[in-house]
Amino acid sequence: MPELPEVETIKNELSPWIVGQSFTQAALLDKEILRQCSVEEFQHLVGQRIETLGRRGKYLLFHLSSNQSLIMHFGMTGTLLLNPKRIAHYARAVFHLSNGSQLVFNDQRRLGAIWLLENATLVTHKLGPEPLSQNFTPPVLAGLLRKHRIPVKAALLDQNLIAGIGNMYADEALFAARIHPLKKTHTLSTPEIQTLFYAIRDVLQSAIDSKGATVDTYIRPQGQLGTAQFNFKVAHRYAKPCPACGTTIQRILVRGRGTHFCPHCQSLNLSTLPKLI
DNA sequence: CTTGGGACCTGGCTGC
DNA sequence: TGCAGCCAGGTCCCAA
């Protein structure tokens, strides 16, 4: 499930190979993945050069020579492969570049999407701040959270509050901050929000350093796996012991999403402030 | 307006 | 062994 660290890894590992190249062919194998753009308009891609590759939240942004942007969202199972040995049967789009390389957008569950637009902000304008950017600060996070009265887990998953965090890293950040996923945002103390801020940053940056987490279908553009999942403390560790205290990790549903946490380390009790090392 | 719940998608797993 | 039904979580949509 490509979240911020996975999309950042795709961007970083693809850039050296494709920036500066032009599209020579764009084959749409499944037209349902195209958004706000017709199949005919999509062919405007051919001939355009990739000026830069960027990322906003979980979106991968190709900035093109004609000021258009090719935008990809990977949904649950999307991958973007460079020169795969064969085309998977769930390939949704195949791109050919001027240096002879081939880019294949795969997506088993078809929750991913592709846009070709004059203005990328049509897609990204509602997104909250980038959690790794300089303008994301503890006071900014406090302002965002205190405007709402929702479970903090739901807030972390809301892309319009903070961009890029998905289910895995929300659970990891809340564990790192020792905050119960159901705790309501407006009840978080200033120290708790500050701890959560650094937890979010640390969890995301560590995952980028590990080239993302391969827990389901995510693989890197040249086929290697990510290793961030080996550092998970609670995510995907249902019924296993908490690495901090040994208590059995629980799984609950928050807003319909499976949520892993340690009931001892992440208490809902107001008197239990996070313990810092 | 906010919040919460369901729908969509598909392959893999569970249980009868 | 076969197969219906459930589950995963990305976003969007709708109801209270």
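In what follows, every chain begins at residue 1, and chains take the letters A, B, ... in the order their sequences are listed.
- Within the 4.0 angstrom heavy-atom criterion, no nucleotide atom of any strand lies near Gly112(A).
- Atom CZ in Arg110(A) sits roughly 10 Å away from atom C1' in dC8(B) (whole-Å rounding).
- Atom CG of Leu182(A) is separated from atom C1' of dT3(B) by 14 Å (rounded to the nearest Å).
- Taking only side-chain atoms of Arg149(A), from C-beta outward, the nucleotide of dG11(B), dG4(B), dT3(B) with the closest atom is dT3(B).
- Distance CG (Asp30(A)) to P (dC9(B)): 11 Å, rounded to an integer number of Å.
- Residue Glu32(A) contributes atom CD, which lies 9 Å from atom P of dC9(B) at whole-angstrom precision.
- Atoms CG (Asp216(A)) and C1' (dG11(B)) sit 9 Å apart, rounded to a whole Å.
- A donor-acceptor pair is defined here as one N or O able to donate and one able to accept, closer than 3.5 Å; such a pair exists between the side chain of Asp171(A) and the backbone of His260(A).
- When the shell of 6.0 Å around CG of Asn67(A) is examined, it contains 12 or fewer heavy atoms from other residues, nucleotides or ligands.
- At most 12 heavy atoms of other shown residues, nucleotides or ligands fall within 6.0 angstrom of atom CZ in Arg49(A).
- By the 4.0 Å N-to-carboxylate-O rule, Glu172(A) lies too far from Lys233(A) to be salt-bridged with it.
- Within the nucleic acid shown, Arg255(A) comes within 4.0 Å of at least one base atom, counting heavy atoms only.
- The distance between atom NZ of Lys153(A) and atom C1' of dT3(B), rounded to the nearest whole Å, is 17 Å.
- Using a distance-only test at 3.5 Å, with no hydrogens or angles considered, no donor-acceptor pair links the side chain of Thr247(A) to the main chain of His264(A).
- The side chain of His148(A) approaches dT3(B) more closely than any other nucleotide in the set dT3(B), dG4(B), dG11(B).
- Atom CG of Asn106(A) is separated from atom C1' of dT10(B) by 14 Å (rounded to the nearest Å).
- Checked against Phe105(A) for a ring pair (Phe, Tyr, Trp, His ring centres under 6.0 Å), the options Phe95(A), Tyr90(A), Phe74(A) give a single hit: Phe74(A).
- Atom C1' of nucleotide dG11(B) and atom OH of Tyr218(A) are separated by 21 Å, given to the nearest angstrom.
- With respect to the salt-bridge test (charged N to carboxylate O, under 4.0 angstrom), the residues Arg255(A) and Asp158(A) do not qualify.
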Do nucleotides 10-16 of chain C as a string where each nucleotide becomes B, S or -: B if the base has a protein heavy atom under 4.0 Å, S if just the sugar-phosphate does, - if no protein is that close.
BB-----
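- Using five terminal pairs a side, the axes of the helix from dT2(B)-dA16(C) to dC16(B)-dG2(C) at its two ends make an angle of 60°, given in steps of 10 degrees.
- Other residues, nucleotides and ligands place no more than 12 heavy atoms under 6.0 Å from the CZ atom of Arg149(A).
- For the residue pair Arg55(A)/Thr9(A), the side-chain donor-acceptor check at 3.5 Å is not satisfied.
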